[in-house]
Amino acid sequence: MQEQYSPSEIEAAAQADWDNAEAFKVSETPGQDTYYCLSMFPYPSGKLHMGHVRNYTIGDVIARYQRMQGKNVLQPMGWDAFGMPAENAAMNNKVAPAAWTYSNIDYMRTQLKSLGLAIDWTREIATCKPDYYRWEQWLFTRLFEKGIIYRKNGTVNWDPVDQTVLANEQVIDGKGWRSGAVIEKREIPMYYFAITNYAEELLSSLDELTGWPEQVKTMQRNWIGKSVGMEVQFPYDTASIGHDGTLKVFTTRPDTLMGATYVAVAAEHPLATQAAEGNAELQAFIDECKRGGVAEADIATQEKKGLPTPLYVLHPLTGEKLPVWVANYVLMGYGEGAVMAVPAHDERDFAFASKYRLPIKPVIRTSAGDATPEPWQDAYGEKGELINSEEFDGLDYDSAFTAIGEVLKQKGLGEPRTQFRLRDWGISRQRYWGCPIPIIHCDSCGDVPVPDDQLPVVLPEDVIPDGAGSPLAKMPEFYECTCPKCGAAAKRETDTMDTFVESSWYYARYASPQYDQGMVDPAAANHWLPVDQYIGGIEHAILHLLYARFFHKLMRDEGLVNSNEPFKNLLTQGMVLADTYYRLEANGSKTWFNPADVDIERDGKGKIVAATLRSDGQPVEIGGTEKMSKSKNNGVDPQAMIDQYGADTCRLFMMFASPPDMSLEWSDSGVEGAQRFLRRVWRLSQQHHAKGPAGKADLGSLSDEQKAVRRAIHLAIKQASQDIGQHHKFNTAIAAVMTLMNVLEKAPQDAEQDRALLQEGLETVALVLAPIAPHISHSLWQSLGHSDAIIDARWPQVDESALVQDSLQLVIQVNGKLRGHIEVAADASRELIEATARDNENVLRFTEGLTIRKVIVVPGKLVNIVAN
RNA sequence: GCCCCGAUGGCGGAAUUGGUAGACGCGACGGAUUCAAAAUCCGUUUCUGGUAACAGAGUGGGAGUUCGAUUCUCCCUCGGGGCACCA
């Protein structure tokens, strides 16, 4: 064993041992419990960032811990390889997206390997390879034939200068990021997954996901947004509209129907189009509504605006004429593209009605009274007894819902309906670097799915996009084809799929990554699935996780998997943050400096008071702690850290700095602290090793001091087992090992019994650290005299007899305030404890002149004396 | 705007069914070792008052429940994530 801790040598040696033994290659072993541990695969953006390192370390700790529990652990890795950044890089560097992506993958794979992850690399996949996306296309054609995929128009961001569709991210303040042109909403035909067909199941099966954070399930429930309400039809006023018909709306508050004073329609609604004919002002407003992007956050925060039309509809109950308004907050793609407005009981309608002086009619008695005076109060939105509603007066919400529903039904003007907020998933992208949609457009046969024997539709890999429109649409050699049905000349679809499609099923492909007879080998898929533990960023709480759940159900209904949900347990990791530093430039902009280039000044208490740029010694502003990003220039390069300190130190620091589901603040001195700890472990082991092999302790003859050492060992095992195995709180597990090390370093080391205890203690340290810092543990295990590898060792067991104590310290409180401690025998009676507490000097002092009313004894914890 | 989450010493964090607030680490301060430095080791470290013993205050702010609240309830402030074409 070397004297000095040398991470680079130790890590290279451990990784070589694992490679030679193919230690992490797994197959379907009958009779052994499986454990499928999956971290969200990375987008190959160029190089690893700290978020990746954190994600994959968390996954690796769990995978290695489960292996030590005797499980057959699958931990795979792959690449979410399609996406927009490759196209942007291509435009900037004139390199084809494929070449850029593959070279990034090669570099990042090397980086991942240097972290020492227990990954089965033989299962690696990349979603941009035809043998992967071929099966996505295959499933697409099945679903198209089943009607689960269909075509309809959808609204996109249109850049009129670049003549291209933009992602929401590429629309900044309503303008195109490259052209600067004002963006318009445009309707184009797209393919959709009918995810709403599965809305009810996606909602109800959340209850089965007991291993998911409540927070994520709540977000998904709200996103799916089931609401029970009423579809209500307002008959057209033929005098103003000119023909018969009804305006359909959906409301969750049919009890307030008598309070409806106007209706509002979206700019794209047929009634709006009709009203705009010959009305320049209205047409201008409709055009204005079409400007700007489609992102909901922008639409929801814009000023609510509207314009009246000369059109009227009739109230379905009273026949009263209600004006039709065009409003920018009503969206065509949501519900019916029209809403009934009840200003007295809806905050948005109230604001709109106040602005445009529309009537406000209270119809519910709320806790704020019978009227709706300004300003709006939440109480006006309450449910309550109906007023001003003629025959419905006095009814509560439920009976009003039923009564009004019956009247509407008799008139043929409405019925109860359940509506979801969730919308069908539009997957068409007018981009190049994605999976081609396997459809052929034939003039006589319509949309024809590509037959199985013509799959995959291969994406040409040598294309460099120019940012104007879809490259595939400019390549006749790609789109010219013949109809598979009738043989006539036809045109291949040139849109590609949303990259969320690839990431919705990759977890299943890892079970049989090279299988060429189908999307998955059902036997292998059912052997490994569902994933036991899924780990990834909280930012995926809704979209990715919902789409993957949806896909799992689609695959189940195709007979490919036999489970209902893909991920049994979910761990959502927090972000990685770092300090920011900047200087304000003359033009008001900020120049950001990397923390690695900045020196810190502290005051007498160690508080950071100033910072200077190392290169010029001049001060910089302290900008606070933020998510590591290019824009704030506060990223810390994982590679530099691994090169300087080694993978074990980086892994240890990241796991120690905060629990996995919280954000993590990068700290250089924290990294040094982690390194210092590993050096201490190394040094103590080295000293122990130098004295030759140790024997086994004779547990019957331990001194009190030795018992205390052994108790510390087993307390650490107990703590770490709970923290890692049950709570995924690696920070406190590491704290437990540190506490144990503090004890072991101070314990005597020369007597035979002491040496035996130190051996047990160091083995415990190595075993508990094995999932977290696997390389040093690998080496320590060898030096402790073991011939098998620590990755195949079993997790240590707590010896409960080592934890037993003869006496306990109890806390004494007077009126809930800490006033002292007493030492009592572990088996002392309640009476004895109470009497000892009453005799306590401090208790006598603080209860002097008071009457003791009550004594509360919490066994093993405290005594509280209540006096006044 | 809507949905979800968070806030504890100088800093990261701990407190596992409501029961000792500050485990563990970082930083800072003092000391040892050293020609000196690095490294290492020992000690102190929530705040206020006090030489000290000790006392009081204290978990973003305000109220409440309780013998007892970081933990439960209500209201508020600030920060973060998501909002369907970033991944």
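To find a chain, count down the sequence lines: A is the first, B the second, and so on, and within it residues start at 1.
- When rounded to the nearest whole Å, the span between CD of A/Glu745 and P of B/G43 equals 12 Å.
- Distance check on atom P: B/C26 versus B/G13 gives 16 Å, rounded to whole Å.
- Annotation: the span from A/Phe677 atom CZ to A/Ile734 atom CD1 amounts to 8.5 Å, rounded to 0.5 Å.
- Nucleic acid contact for A/Val216: none, since no nucleic acid atom lies under 4.0 Å from a heavy atom of the residue.
- Here A/Asn168 does not reach the OP1 or OP2 of B/C83: none of its side-chain N or O atoms lies under 4.0 Å away.
- Between B/C75 and B/U65, the two C1' atoms lie 15 Å apart (nearest whole Å).
- Nucleotide B/G19 holds its P atom 6 Å from the NZ atom of A/Lys861, rounded to whole Å.
- Consecutive Watson-Crick or G-U pairing (both distances under 3.5 Å) extending over three or more pairs maps onto RNA chain B as B:1-7 with B:77-83, B:10-12 with B:24-26, B:27-32 with B:40-45, B:46-49 with B:54-57, B:60-64 with B:72-76.
- For A/Tyr43 and A/Trp79, the ring centers sit 6.0 Å or farther from each other.
- Salt-bridge annotation for A/Asp498 and A/Arg429: present, with a side-chain N of the basic residue lying under 4.0 Å from a carboxylate O of the acidic one.
- Residues A/Asn742 and A/Lys817 each lie close to RNA chain B; by heavy-atom proximity, the contact nearer the 5' end of the strand is made by A/Asn742.
- Look at A/Arg676 and you'll find a side-chain N or O under 4.0 angstrom from OP1 or OP2 of B/G27.
- One finds a side-chain N or O of A/Asn222 lying less than 4.0 angstrom from the OP1 or OP2 phosphate oxygen of B/C4.
- Note on A/Arg683: only backbone sugar-phosphate atoms sit closer than 4.0 angstrom, heavy atoms only; bases stay farther off.
- On the C1' atoms, B/U8 is 27 Å away from B/C3, given to the nearest whole Å.
- Checked options A/Asn88, A/Thr499, A/Thr101, A/Thr496; the residue passing with A/Trp433 is A/Thr101 (criterion: side-chain contact (heavy atoms from CB on, under 4.5 Å)).
- Distance, A/Leu577 CG to B/G6 C1': 12 Å, rounded to whole Å.
- Within 90° of 0 lies the glycosidic angle of B/G9, which makes this nucleotide syn.
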- request: Could you encode protein contacts along nucleotides 7-15 of chain B as a string, one character per nucleotide from 5' to 3', using B for base contact, S for sugar-phosphate-only contact and - for no contact, with a heavy-atom cut-off of under 4.0 Å?
  value: ---B-BSS-
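- Taking atom CD on A/Glu296 and atom C1' on B/G82, their separation rounds to 11 Å, with Å as the unit.
- The phosphate of B/C85 (OP1 or OP2) has a side-chain N or O of A/Arg429 nearer than 4.0 angstrom.
- Residue A/Gln813 is classed as a base contact, given a heavy-atom separation below 4.0 Å to a base.
- Judged by distance alone, with hydrogens and angles left aside, the side-chain atoms of A/Asp723 form a donor-acceptor pair with the main-chain N or O of A/Ala733 at under 3.5 Å.
- Between the P atom of B/G81 and the CH2 atom of A/Trp223 lies a distance of 16 Å, rounded to the nearest Å.
- Taking only side-chain nitrogens and oxygens, A/Arg845 comes nearer than 4.0 Å to OP1 or OP2 of B/A55.
- A/Glu601 has no carboxylate O lying under 4.0 Å from a charged side-chain N of A/Lys607, or vice versa, which leaves the two without a salt bridge.
- A/Glu539 comes within 4.0 angstrom of a nucleotide base, judged by non-hydrogen atoms across all strands.
- Note on A/Phe653: nothing from the nucleic acid sits closer than 4.0 angstrom, heavy atoms only.
- Spacing of P atoms, B/C11 relative to B/C47, comes out at 11 Å, to the nearest Å.
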Donor-acceptor contacts, no H, no angles, side chain residues 543-550 of chain A, under 3.5 Å, sequence neighbours left out:
{"unit_1": "A/His544", "atom_1": "NE2", "unit_2": "A/Tyr534", "atom_2": "OH", "d": "2.7"}
{"unit_1": "A/Arg549", "atom_1": "NE", "unit_2": "A/Glu565", "atom_2": "OE1", "d": "2.9"}
{"unit_1": "A/Arg549", "atom_1": "NE", "unit_2": "A/Glu565", "atom_2": "OE2", "d": "3.2"}
{"unit_1": "A/Arg549", "atom_1": "NH1", "unit_2": "A/Leu202", "atom_2": "O", "d": "3.1"}
{"unit_1": "A/Arg549", "atom_1": "NH1", "unit_2": "A/Gln220", "atom_2": "OE1", "d": "2.8"}
{"unit_1": "A/Arg549", "atom_1": "NH2", "unit_2": "A/Leu202", "atom_2": "O", "d": "2.7"}
{"unit_1": "A/Arg549", "atom_1": "NH2", "unit_2": "A/Ser205", "atom_2": "OG", "d": "3.2"}
{"unit_1": "A/Arg549", "atom_1": "NH2", "unit_2": "A/Glu565", "atom_2": "OE2", "d": "2.9"}

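- Applying the 3.5 Å distance criterion, the base of B/C85 shares no donor-acceptor pair with the side chain of A/Gln170.
- Side-chain atoms of A/Asn842 come within 3.5 Å of backbone N or O of A/Arg819 as a donor-acceptor pair.
- Using the six-membered ring where Trp is involved, A/Phe551 and A/Phe193 have ring planes that are tilted, between 30° and 60° apart.
- Rounded to an integer number of Å, the gap from A/Arg421 CZ to B/A84 P is 9 Å.
- The interatomic distance linking A/His540 (NE2) with B/C86 (C1') rounds to 10 Å, in whole Å.
- Evaluation of atom-type donor-acceptor distances gives a pair under 3.5 Å for the side chain of A/Asn864 against the base of B/C67.
- B/A28 and B/G10 have their C1' atoms separated by 8 Å, given to the nearest Å.
- For the C1' atom pair drawn from B/A21 and B/U70, the interatomic distance equals 8 Å after rounding to whole Å.
- A salt bridge links A/Arg838 with A/Glu834; the closest basic N to acidic carboxylate O contact falls under 4.0 Å.
- A/Phe656 and A/Phe730 have their aromatic ring centers separated by at least 6.0 angstrom.
- Distance CD (A/Glu214) to C1' (B/C4): 12 Å, rounded to an integer number of Å.
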